[in-house]
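Take a look at the structure below.
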Amino acid sequence: MNTAVPRTEDAGDIARARPADALGTSAAQARSAVLEELIRKDPGRFRVLTGDRPTGRLHLGHYFGTLHNRVRLQELGVELFVIIADYQVLTDRDVADNLLQHVEELVLDYLAIGVDPARSTIFTHGAVPALNQLMLPFLSLVSVSELNRNPTVKDEIAHSRQSAVSGLMFTYPVHQAADILFCKANLVPVGQDQLPHLELTRTIARRFNDRYGTGSTVFPQPDALLSSAPLLLGTDGTKMSKSRNNAITLAATADETARLVKGAKTDSERHISYDPVTRPEVSSLLLLAALCQGRSPEQVAAEIGSAGAAVLKKVVTESVNEYLAPVRARRAEYGRDRAHLRAVLSEGNERARAVADATLAEVRAAMNTCY
Ligand code: TRP
């Protein structure tokens with residue numbers, strides 16, 4: 001494992017091309033297609049950072065939205081850093097409950113889907129002091145009104161259960177910039193909601209370089225790699241989400257999966273057709289079966305036809321259970337070896353610390369604060 005940070009020039013024409021965030025989502029998609037081509041040609045020039053908040057088990061929405069994409073990139077030969085964002089749990093709640101358990105569940109989910117700790121680094125940002133220290137100079141590079149404008153944070157504040165907005169909620173996108181820039185990642189696979197954070201990360205990287213990089217570039221401006229996966233709905237027809245209790249987790253048993261799918265919302269029309277606009281619930285179930293089967297939702301719909309929602313649910317249950325069987329088997333196996341889990345995490349943290357220390361040393365040199 002290479003703990004050295006990649007040279008910033010490695011970003012090369014990636015950095016010179018027009019940034020996705022300046023152009024909006026459709027341009028981000030076009031940009032992502034260009035990036036895919038570059039990744040296929042030369043995976044070694046990319047370092048990916050992505051991750052999750054440890055608030056519970058990962059589900060099928062996560063899987064098809066981002067998780068399988070991480071493993072795909074790893075298999076293409078891209079270096080992968082997966083962050084378990086423990087401090088970020090405290091953005092919308094006062095206490096992070098069962099943190100250790102949630103962290104271990106995430107590590108289990110990652111190993112089960114095929115993240116390989118020999119090639120990829122799984123770590124928690126709380127265990128990497130130098131990463132967190134980057135937040136201070138980074139905070140000095142953004143204005144309060146810029147932080148105020150972040151639409152994802154605004155949305156999270158609107159849905160927060162807290163009566164007061166904490167300083168961490170307000171500033172966590174800056175912390176996220178430190179998550180990304182500490183290892184000089186140049187590629188961040190994200191969903192649309194994370195685009196504002198990535199735009200801020202690029203801004204911070206640019207401003208740091210302008211202000212402190214006497215002729216040299218300290219940080220790359222990372223690119224978003226937008227997931228092409230359409231949104232999966234939960235069993236109640238709203239977005240699949242841990243907090244809404246409408247998710248099928250990777251760890252669910254075959255029976256739990258059958259029960260959850262059976263209770264899923266559909267509509268009163270017997271003939272099954274794929275129409276995400278007028279029939280969102282039925283279409284999302286079709287999509288889920290199709291993703292598991294590696295076919296199109298239209299094909300799955302045509303096969304079920306007038307057999308109705310009960311058959312649709314049977315098909316979905318079987319598809320999910322068959323698809324997840326090997327993941328679940330691996331998860332159970334890893335779950336029996338807690339010492340291995342702890343070792344994966346402590347080795348990942350150690351690697352992340354080495355990378356973060358090197359970056360902080362560079363930052364301190366650039367800022368002329370080596371005493
Ligand atoms: N904000 C992400 C989420 O809520 C988790 C995260 C933390 C992250 N730091 C990151 C994602 C850095 C990408 C890059 O799921």
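Order of appearance sets the numbers: ligands from 1, and atoms from 1 within every ligand. Numbers here simply count residues along the sequence, with the first being 1.
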Can you tell me the protein heavy atom closest to atom 1 (N) of ligand 1 and the distance? Gln88 OE1, 2.9 Å

Can an N or O of Asp179 be found at a distance shorter than 3.5 Å from an N or O of ligand 1? yes

Give yes or no for whether the N/O distance cutoff of 3.5 Å, strictly under, is met between Arg53 and ligand 1. yes

Heavy-atom proximity to atom 15 (O) of ligand 1 ranks first, among Ala224, Ala85, Pro54, Gly51, for Gly51

Do the numbers put Arg53 on top of the ring of Tyr172, so that NZ or CZ is under 6.0 Å from the six-membered ring centre and no more than 45° off the axis? yes

State the CZ-OG1 distance between Phe138 and Thr171, to the nearest 0.5 angstrom. 13.5 Å

Would you mind telling me if ligand 1 is within reach of the side chain of His197, the backbone, both or neither, using heavy atoms under 4.0 Å? neither

Quick one: which residue pairs count as a salt bridge (charged side-chain N to carboxylate O under 4.0 Å, His left out) with a foot in residues 138-155, not counting sequence neighbours? Glu146-Arg207

Partners meeting salt bridge (Lys or Arg N to Asp or Glu O under 4.0 Å) with Asp42 (sequence neighbours left out): none

Heavy-atom nearest neighbour in the protein, as seen from atom 11 (C) of ligand 1, with distance rounded to 0.1 Å: Gln176 NE2, 3.7 Å

Could you tell me how the ring of Phe208 sits relative to the ring of Tyr212: parallel (under 30°), tilted (30 to 60°) or perpendicular (over 60°)? tilted

So for ligand 1, is Gln194 a polar contact partner (N or O within less than 3.5 Å, distance only)? yes

Numbered atoms of ligand 1 (with element) below 4.0 Å of Leu49, judged on heavy atoms: 12 (C), 14 (C)

Taking the side chain as C-beta and beyond, is there a heavy-atom pair between His125 and Tyr87 under 4.5 Å? yes

